[in-house]
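Working notes for the structure below.
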Amino acid sequence: MSDSMDLSRASRIRLALSHAAADLADRATGLTRTGTDGGPGDVTEEAQRLVAAAEQVMQLAVLYDRRRGAPWAAIGEALGEVSKQTAHERYAEADKNVDEAIIEHWLTGDAGTAGLPSGAEASPETLTRLDEWTAERYRYVDVIDDDPDHQVSAGLTPMSTAEHAAMITAAEALLLKAAASGGPARHQALEIGYARRKVERYERLIADETAAPGITGTPLPELRERLAGARARLTEVKTGIPSREHPAT
C-alpha cells in the first residue's frame with residue numbers, strides 16, 4: 001500500500017480540489033505572459049486548457065460540498081438557480097465514480113487507480129507541495145491564518161472510526177462489482193486491501209474500547225477474537241491457503 005495520509009473522504013476530495021485550484025492558478029498566470037505566445041492558435045489552445053481546468057475545479061467543488069452533506073437543491077442554487085434535477089444529472093455520475101476511485105485507492109494504495117483525481121491519493125508529498133505552494137503565493141498578502149505554513153493540510157480531517165466502518169461497507173459493494181467485471185489481479189488486490197482494512201477496523205475498535213470501556217458496545221474479548229479472525233483472513237487472501245484457526249469475520 002502507498003504512504004497515504006489517513007484522511008476522510010471529504011478531505012481527500014478537498015485535497016484534490018486544492019491541487020486542481022493550484023494547477024488552474026498556475027495556468028492562468030502563464031496566460032498573463034506575452035513573450036511565449038507561440039504561433040497563431042496557441043494562445044487559444046492554452047485558454048481552452050484553462051477552461052477545462054476550471055471545469056475540473058468546479059466539479060471537485062461540487063463533489064466536496066456533496067460529501068459535506070449539501071443536497072442537490074443547494075448545489076443547483078449555488079450553480080446559479082439550476083434545478084436540483086439538472087445539478088444531479090450534471091454531477092451525479094462523477095460523484096459516484098470519484099467515490100469508488102477513492103475507496104479503491106484506500107484498499108490498494110495504487111496511485112494509478114482509474115478515475116482518482118490528482119491529489120486525492122493524499123500522499124505526504126502532495127500535502128507538503130500544496131502547503132509550500134500556498135505559503136509562497138500568500139507570502140506578501142495579509143492572510144489571517146493560525147498556521148500560515150500549513151494552509152492546506154491544517155484544515156483536513158482524519159478518518160474517524162465511524163467513517164472507517166462506512167468505507168469497509170462501501171468496499172464490500174466495490175468487491176462484488178469487481179468480481180463481476182474486473183480482472184483477477186485487480187480483484188485480488190482489492191481482496192487483500194479489504195482484509196487489511198478489516199484488521200485495522202478491529203484494531204481501532206479495541207483501542208477505542210480500551211480507552212473508554214463500553215463505547216463500542218462490544219466486549220474486548222469478542223473484539224480480540226474478531227481481530228484474530230481478520231488477521232487469519234488477511235493471511236489467507238495473501239497466501240491463498242485457507243485458514244481454519246478462526247471463523248470468517
Side-chain angles (χ1 to χ4, degrees), residues 4-31 46-108 110-123 126-127 129-131 133-134 137-138 143 145 150-160 162-171 173-174 177:
S4 295
M5 304 298 289
D6 191 23
L7 298 176
S8 67
R9 273 184 282 186
S11 285
R12 283 174 177 263
I13 296 172
R14 185 63 180 87
L15 195 53
L17 173 57
S18 293
H19 185 283
D23 178 65
L24 176 63
D26 285 340
R27 288 185 179 278
T29 299
L31 268 179
E46 180 57 31
Q48 180 57 44
R49 285 195 286 266
L50 184 65
V51 170
E55 290 173 348
Q56 174 70 358
V57 168
M58 175 61 78
Q59 177 176 286
L60 289 168
V62 169
L63 302 193
Y64 176 60
D65 274 339
R66 282 287 298 160
R67 178 52 57 184
R68 293 199 298 165
W72 285 113
I75 297 296
E77 184 178 349
L79 290 171
E81 300 303 326
V82 171
S83 71
K84 65 179 181 180
Q85 180 180 349
T86 298
H88 179 271
E89 290 173 352
R90 191 177 298 176
Y91 294 107
E93 185 175 359
D95 193 20
K96 178 177 74 71
N97 291 341
V98 169
D99 198 51
E100 286 188 354
I102 288 174
I103 293 167
E104 180 163 347
H105 177 266
W106 183 69
L107 294 177
T108 67
D110 182 3
T113 298
L116 185 72
S118 297
E121 77 285 349
S123 68
T126 294
L127 269 69
R129 183 172 65 253
L130 288 171
D131 275 336
W133 185 94
T134 307
R137 281 286 178 134
Y138 287 96
V143 176
D145 199 306
H150 300 91
Q151 295 179 59
V152 174
S153 60
L156 304 177
T157 57
M159 185 176 294
S160 66
E163 185 171 10
H164 193 280
M167 288 283 279
I168 287 176
T169 300
L174 183 62
K177 183 177 179 180

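Keep in mind the model is a prediction, meaning the values are calculated, not measured.
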Quick one: does [X]'s side chain get under 4.5 Å of [Y]'s, heavy atoms only?
{"X": "V57", "Y": "L17", "value": "yes"}
{"X": "P158", "Y": "D6", "value": "no"}
{"X": "V62", "Y": "W72", "value": "yes"}
{"X": "M58", "Y": "L79", "value": "yes"}

Between [X] and [Y], what is the shortest heavy-atom contact and its length?
{"X": "R66", "Y": "P71", "result": "NH1-CA, 3.7 Å"}
{"X": "S123", "Y": "M5", "result": "C-CG, 4.5 Å"}
{"X": "T113", "Y": "A101", "result": "CG2-O, 3.7 Å"}
{"X": "E121", "Y": "H105", "result": "O-CE1, 3.4 Å"}
{"X": "A87", "Y": "I75", "result": "CB-CG2, 4.1 Å"}
{"X": "L15", "Y": "A122", "result": "CD2-CA, 3.6 Å"}

Discussion item. I'd like to know if the side chain of R14 pairs up with that of S18 as donor and acceptor (distance under 3.5 Å, no hydrogens or angles considered).
Written reply: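 A donor-acceptor contact under 3.5 Å links the two side chains.
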Practice prompt. For residues H19 and W133, establish whether the separation of their ring centroids is below 6.0 Å.
Written response: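 No, the ring centres sit 6.0 Å or more apart.
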Atom pair [atom1] ([X]) and [atom2] ([Y]), whose distance is rounded to the nearest 0.5 Å:
{"X": "R12", "Y": "I103", "atom1": "CZ", "atom2": "CD1", "result": "10.5 Å"}
{"X": "I13", "Y": "R68", "atom1": "CD1", "atom2": "CZ", "result": "11.0 Å"}
{"X": "M167", "Y": "I102", "atom1": "CE", "atom2": "CD1", "result": "7.5 Å"}
{"X": "R90", "Y": "D95", "atom1": "CZ", "atom2": "CG", "result": "14.5 Å"}
{"X": "E55", "Y": "L24", "atom1": "CD", "atom2": "CG", "result": "11.0 Å"}
{"X": "H150", "Y": "L130", "atom1": "NE2", "atom2": "CG", "result": "12.5 Å"}

Item to complete: Give the intermediate values and the outcome of side-chain hydrogen bond (donor to acceptor under 3.5 Å, both in side chains) for residues E89 and Q85.
Response: CA-CA 6 Å; E89 290 173 352; Q85 180 180 349; 3.1 Å; yes
Worksheet item: Heavy-atom count around E163 CD within 6.0 Å, excluding the residue itself: above 12?
Response: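 It does: E163 CD has more than 12 such atoms within range.
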Item to complete: Apply salt bridge (charged side-chain N to carboxylate O under 4.0 Å, His left out) to R67 and list each qualifying residue two or more places apart in sequence or on a separate chain.
Response: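 R67: salt bridge (charged side-chain N to carboxylate O under 4.0 Å, His left out) contacts with D99.
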Fill in: Heavy-atom donor-acceptor pair, T126 side chain to G119 backbone, under 3.5 Å
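No, the answer is negative, given that no donor and acceptor are paired below the 3.5 Å cut-off.
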Discussion item. Determine whether a donor-acceptor pair (N or O, by modelled atom type, separation under 3.5 Å) exists between the side chain of D131 and the backbone of V152.
Written reply: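 Yes, because the side chain of D131 sits within donor-acceptor range (under 3.5 Å) of the backbone of V152.
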Discussion item. Any salt bridge linking R49 with E46? Criterion: basic side-chain nitrogen under 4.0 Å from a carboxylate oxygen.
Written reply: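 Yes.
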